[in-house]
Protein chains: 2
Amino acid sequence: MPYEKIKNILRQSNLRPTKQRIAIFDILFRQENWHFSADIVEKKCSESGVKISAGTIYNVLNDFYAKGLISKVMIDDDRSWFDTNISDHFHVYDTKDRKLYDVEPEDIDISLPKSIKEDDVKKVEILIKV
Amino acid sequence: MPYEKIKNILRQSNLRPTKQRIAIFDILFRQENWHFSADIVEKKCSESGVKISAGTIYNVLNDFYAKGLISKVMIDDDRSWFDTNISDHFHVYDTKDRKLYDVEPEDIDISLPKSIKEDDVKKVEILIKV
DNA sequence: TTACATGCAAATGCTTTGCAGTACT
DNA sequence: AGTACTGCAAAGCATTTGCATGTAA
């Protein structure tokens with residue numbers, strides 16, 4: 001993605017377009033809809049010849065998440081997993097090879113309990129473990 | 001619960017009925033279907049006058065979980081949460097007061113994607129954040 | 001008595017934080 | 001210039017582990 005475009009996206013989110021944020025954003029959105037943890041990003045950075053400290057990577061990912069540029073995947077793991085897919089969707093988790101796959105909302109029919117007011121629902125997380 | 005009964009349950013799960021395991025089991029199943037983390041168990045133990053080290057509490061909870069005596073709740077938190085309810089069910093998470101509530105499977109209608117073979121599904125986790 | 005469990009403290013691994021220096025606006 | 005961000009290392013926190021001691025079978 002052209003750096004000017006990335007800069008604009010960051011500015012629109014009230015994030016200063018620093019070298020590190022631009023580099024991480026570029027790496028994250030080079031491929032679409034994938035799942036990553038902080039250490040994967042760190043590895044990808046150094047593979048791309050960009051040295052960014054672990055602390056900064058955590059800060060940048062948390063900033064991106066806070067601004068809604070990326071989402072978090074709820075999964076029972078010792079690391080936090082993020083997702084470039086920020087639209088409503090669910091996940092399939094392959095417990096054998098520990099890999100995550102997206103499930104689009106139109107592929108799942110779900111009706112919540114009547115006792116829950118629809119307006120109160122902030123998010124519905126569904127993880128299908130196979 | 002009578003200690004003899006607890007001892008039998010532990011023995012049936014191939015767990016030696018030690019003083020600590022009995023005490024923790026007793027505390028866990030004194031109330032039904034509740035959610036707890038290791039530090040809550042530790043607190044409940046000392047409130048009951050039983051001093052059990054943190055390491056042992058983690059070991060015992062993990063043993064109980066491995067034997068299917070308790071279940072784990074998948075939730076985006078810095079601590080692990082367990083559940084005495086081991087039947088298939090889902091959760092509502094109140095993000096305001098950070099409390100969990102059970103949802104019985106008959107209260108939710110869900111149909112999984114056709115692309116997933118039913119026999120492959122190990123578990124379906126649903127968390128409704130309100 | 002023999003295998004297994006506990007206690008304690010140290011180690012681990014992810015994540016956050018404090019602060020001095022650096023870069024964006 | 002002023003403010004925000006980064007780098008680094010240290011701190012934090014939940015959890016696991018190693019080993020000597022203790023306890024169930």
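Note that the coordinates shown come from a computational prediction; the quantities given were computed from them, not determined experimentally. Values below: every heavy atom of this structure, side chains too, minus hydrogens, waters and symmetry copies. In what follows, chains are A, B, ... by sequence order, proteins preceding strands, each numbered from 1.
- The NZ-P distance, from K19(B) to dA25(D), rounds to 14 Å in whole Å.
- Taking every side-chain heavy atom of Y58(B) into account, dT15(D) is the closest of dC8(D), dT15(D), dT17(D).
- Ion pairing between a basic and an acidic side chain is recognised when a charged N comes within 4.0 Å of a carboxylate O; R30(A) and D26(A) show such pairing.
- Across the protein-nucleic acid pair, W81(B) atom CH2 and dA14(D) atom C1' stand 13 Å apart, rounded to whole Å.
- Listed here is the closest heavy atom pair of S71(B) and N85(B): OG-O, 3.0 Å.
- In this entry the distance linking NZ of K67(B) with C1' of dC4(C) reads 12 Å, nearest Å.
- Side chain of R21(A) to backbone of R16(A): a donor-acceptor contact under 3.5 angstrom is found.
- Taking side-chain N and O atoms only, Q20(A) has no distance below 4.0 Å to OP1 or OP2 of dT22(C).
- Here dT16(D) presents its P atom at 5 Å from CG of N62(B), a figure rounded to the nearest Å.
- Among the nucleotides dA14(D), dT6(D), dA3(C), the one closest to any side-chain atom of T56(A) is dT6(D).
- Comment: D39(A) does not engage K43(A) in a salt bridge, judged by the lack of any side-chain N to carboxylate O separation of less than 4.0 angstrom.
- Side-chain atoms of S80(B) lie closest to dT15(D) of the nucleotides dC5(D), dT25(C), dT15(D).
- Counting any heavy atom pair closer than 4.0 Å across all strands shown, K51(A) reaches sugar-phosphate atoms only and no base atom.
- One interatomic measurement links the two molecules: CD of E4(B) to P of dA24(D), which rounds to 13 Å at whole-angstrom precision.
- Distances shown here put every side-chain N or O of R11(B) at or beyond 4.0 Å from the OP1 or OP2 atom of dA24(D).
- You'll find that the side chain of P17(B) is closest to dA25(D), out of dA14(D), dA25(D), dT17(D).
- Comparing atom distances between the R21(A) side chain and each of dT6(D), dT16(C), dC8(C) picks out dT6(D) as nearest.
- Rounded to an integer number of Å, the gap from I22(B) CD1 to dA5(C) P is 13 Å.
- Of the candidate nucleotides dT17(D), dC24(C), dG7(C), dC24(C) has the atom nearest to the side chain of T18(A).
- Comparing dA14(D), dA25(D), dA4(D) against the side chain of R16(A) picks out dA4(D) as the nearest.
- Rounded to whole Å, the distance from CD1 on I52(B) to P on dT23(D) is 14 Å.
- Rounded to an integer number of Å, the gap from CD of E42(B) to P of dT6(C) is 14 Å.
- Between Y101(A) and D94(A), the shortest heavy-atom contact is CE1-CB, 4.0 Å.
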